**Student:** 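Structure in structure tokens, see below.
To find a chain, count down the sequence lines: A is the first, B the second, and so on, and within it residues start at 1. All values reported here derive from a predicted model rather than from experimental measurement.
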2 protein chains.
Amino acid sequence: MPVPATDLITAFRARGMKITPQRQLLCSLIEEAHDHPTVETLHLRAMQKMPTISLKTVYTTLTELAEFGLIRLVPLGTGSLRVDPDPTPHAHLVCRDCGSIIDQPLEPNLAPAPAQAEDLGFIVEERDVIYRGRCAACAKKSAAQISEEGDVGGHA
Amino acid sequence: MPVPATDLITAFRARGMKITPQRQLLCSLIEEAHDHPTVETLHLRAMQKMPTISLKTVYTTLTELAEFGLIRLVPLGTGSLRVDPDPTPHAHLVCRDCGSIIDQPLEPNLAPAPAQAEDLGFIVEERDVIYRGRCAACAKKSAAQISEEGDVGGHA
DNA sequence: TAGTAGTTAACAACTCTTGTAGTTTACAGT
DNA sequence: ACTGTAAACTACAAGAGTTGTTAACTACTA
């Protein structure tokens, strides 16, 4: 359940921040981003509509929205931050090979914070649950490759 | 429960790989590394004993041990990989401010993979559970700072 | 409509990680 | 022990991702 673009815009207005065309564009792109794009990818999409928009502006805007708690900027270990328009708790399946990401509901018996955290005085603000492995397509591809290697000259 | 340094060495030998002084040194440093150091930090420690050891060697050795499944190289979103000598499943508390990391036991009845993963054909190989927030020391510090800001001239 | 504070674009710098090339070295076989 | 060789090492450089700086620009207020 991503936050609608209008609500993202409203968040800037509510904080006395300016509603620039760049922010409007990015907010609508974020609403439509159901594929956890990298920041760079979102920048490329933005440039289709506004060729002069800078990568720095994209980073800045995303960071602001993440601080407002309206999106999530998730470090999934793929080398770059992923933009997640859904700020509500959920897990991620991350493919090692192609980097694709699939949302998953959180295990209901996973506590919002570990029992010992409070004792330690640690204040939990956020939770990431990441399952790494191979998506169906990449698992298939890598299985095919292995059988090909074992089968010397099989396709010659 | 970190893997003993002797077992790490044995793993190299078992694969017909050479037992170099660099690998011996790194294996013993890893065994003692209970603080989830960055690769860079481990490199600095290694240089205390062997000043010419290169960062590249450290990366290479750690990557190998991680592929053997004897350590974990965990991307915790702190900007750099963390070395975890314990390859068994556990969660991590990560402090946003100082980057310190505390191990936590995983809920024992937590499924190793989400229910939908199998249906999707996604093969889960690894799981990261990360709780982000502030450690006791940093929470205290930031609380002190806020009260100071609200209390203008309080210490002048 | 003009002033101004907040934003932006352009550019550079920085951090973390990986690639390349040539030298060195651990180990197997004599 | 000695030597040959494949593996591993160091040094260097490059690549990717992210952040800092600064001058120009512009959305909003009065």
**Student:** Scan P21(B) against the nucleic acid and name what it touches under 4.0 Å (heavy atoms): base, sugar-phosphate only, or nothing.
**Tutor:**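 Result for P21(B) = sugar-phosphate.
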
**Student:** Looking at Q22(B), I'd like to know whether one of its side-chain N or O atoms comes within less than 4.0 Å of OP1 or OP2 on dT10(D).
**Tutor:**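 For dT10(D), OP1/OP2 do have a side-chain N/O of Q22(B) under 4.0 Å.
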
**Student:** Give a yes/no answer on whether the side chain of T20(B) brings an N or O atom under 4.0 Å of OP1 or OP2 in dC9(D).
**Tutor:**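 Result: yes.
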
**Student:** Starting at atom CE of M50(A), determine the distance to atom P of dT26(D), rounded to an integer number of angstrom.
**Tutor:**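 So the two atoms are 11 Å apart, to the nearest Å.
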
**Student:** Can you find a donor-acceptor pair, distance only, under 3.5 Å between K56(A) side chain and dA10(C) base?
**Tutor:**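 No, the side chain and the base share no sub-3.5 Å donor-acceptor pair.
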
**Student:** Starting from P on dT19(D), measure out to CG on L73(A) and report it in whole angstrom.
**Tutor:**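 Going from CG in L73(A) over to P in dT19(D) covers 9 Å.
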
**Student:** Let me know, please, whether I53(A) or L55(B) comes out on the 5' side of the other along DNA chain C by nearest nucleotide.
**Tutor:**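 Closest to the 5' end, via its nearest nucleotide, is I53(A).
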
**Student:** Measure from CZ on R13(B) to P on dA7(D) and round the result to the nearest Å.
**Tutor:**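 So the CZ-P distance, R13(B) to dA7(D), works out to 17 Å.
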
**Student:** Using whole Å, what does the distance between atom P of nucleotide dC16(C) and atom CG of L62(B) come to?
**Tutor:**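 Whole-Å distance recorded here is 15 Å.
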
**Student:** Side chains of T78(B) and H36(B): does their closest heavy-atom pair fall under 4.5 Å?
**Tutor:**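 Side chain of T78(B) against side chain of H36(B), heavy atoms only: no contact under 4.5 Å found.
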
**Student:** Assign each of R23(A) and I19(B) to its nearest nucleotide of DNA chain C by heavy atoms, then name whichever residue's nucleotide is nearer the 5' end.
**Tutor:**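 First, find each residue's nearest nucleotide; the 5'-ward one identifies R23(A).
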
**Student:** Quick one: do E32(B) and R45(B) make a salt bridge, cutoff under 4.0 Å?
**Tutor:**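 Between R45(B) and E32(B) there is no salt bridge, as every charged N stays at least 4.0 Å from the carboxylate O atoms.
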
**Student:** Grab the NZ-C1' distance between K18(B) and dT24(C) for me, whole Å please.
**Tutor:**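 My rounded result for the distance is 10 Å.
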
**Student:** Could you state the atom-to-atom distance from CD of E64(A) to P of dT19(D) in whole Å?
**Tutor:**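 That distance rounds to 13 Å.
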
**Student:** Quick one, H92(A) with D103(A), criterion side chain to side chain contact (heavy atoms under 4.5 Å, CB included). Give me CA distance, side-chain angles, the key distance, then yes/no.
**Tutor:** CA-CA 5 Å; H92(A) 290 111; D103(A) 283 340; 3.1 Å; yes

**Student:** Taking only side-chain N and O atoms of T57(B), does any of them lie within less than 4.0 angstrom of OP1 or OP2 on dA8(D)?
**Tutor:**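 T57(B) to dA8(D) OP1/OP2: no side-chain N or O under 4.0 Å.
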
**Student:** Given side chains that start at C-beta, do those of D84(A) and I71(A) come closer than 4.5 Å, heavy atoms only?
**Tutor:**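 Side-chain contact under 4.5 Å: no.
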
**Student:** Rounding to an integer number of Å, can you tell me how far E67(A) CD sits from dT19(D) C1'?
**Tutor:**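 Computing the E67(A):CD to dT19(D):C1' distance gives 14 Å.
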
**Student:** Below 4.0 angstrom, N of the basic side chain to O of the carboxylate: do E64(A) and R15(A) qualify?
**Tutor:**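 No, this pair does not count.
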
**Student:** OP1 or OP2 of dT18(D) sitting under 4.0 Å from any side-chain N/O of Y59(A)?
**Tutor:**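 For dT18(D), OP1 or OP2 has a side-chain N or O of Y59(A) closer than 4.0 Å.
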
**Student:** So if I take every side-chain heavy atom of V39(A) and compare against dT18(D), dT10(D), dT17(C), which nucleotide ends up nearest?
**Tutor:**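 Selected nucleotide (nearest to the side chain): dT18(D).
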
**Student:** Report the distance from atom CE of M17(A) to atom C1' of dT4(C), rounded to the nearest whole Å.
**Tutor:**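 Between C1' of dT4(C) and CE of M17(A): 17 Å.
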
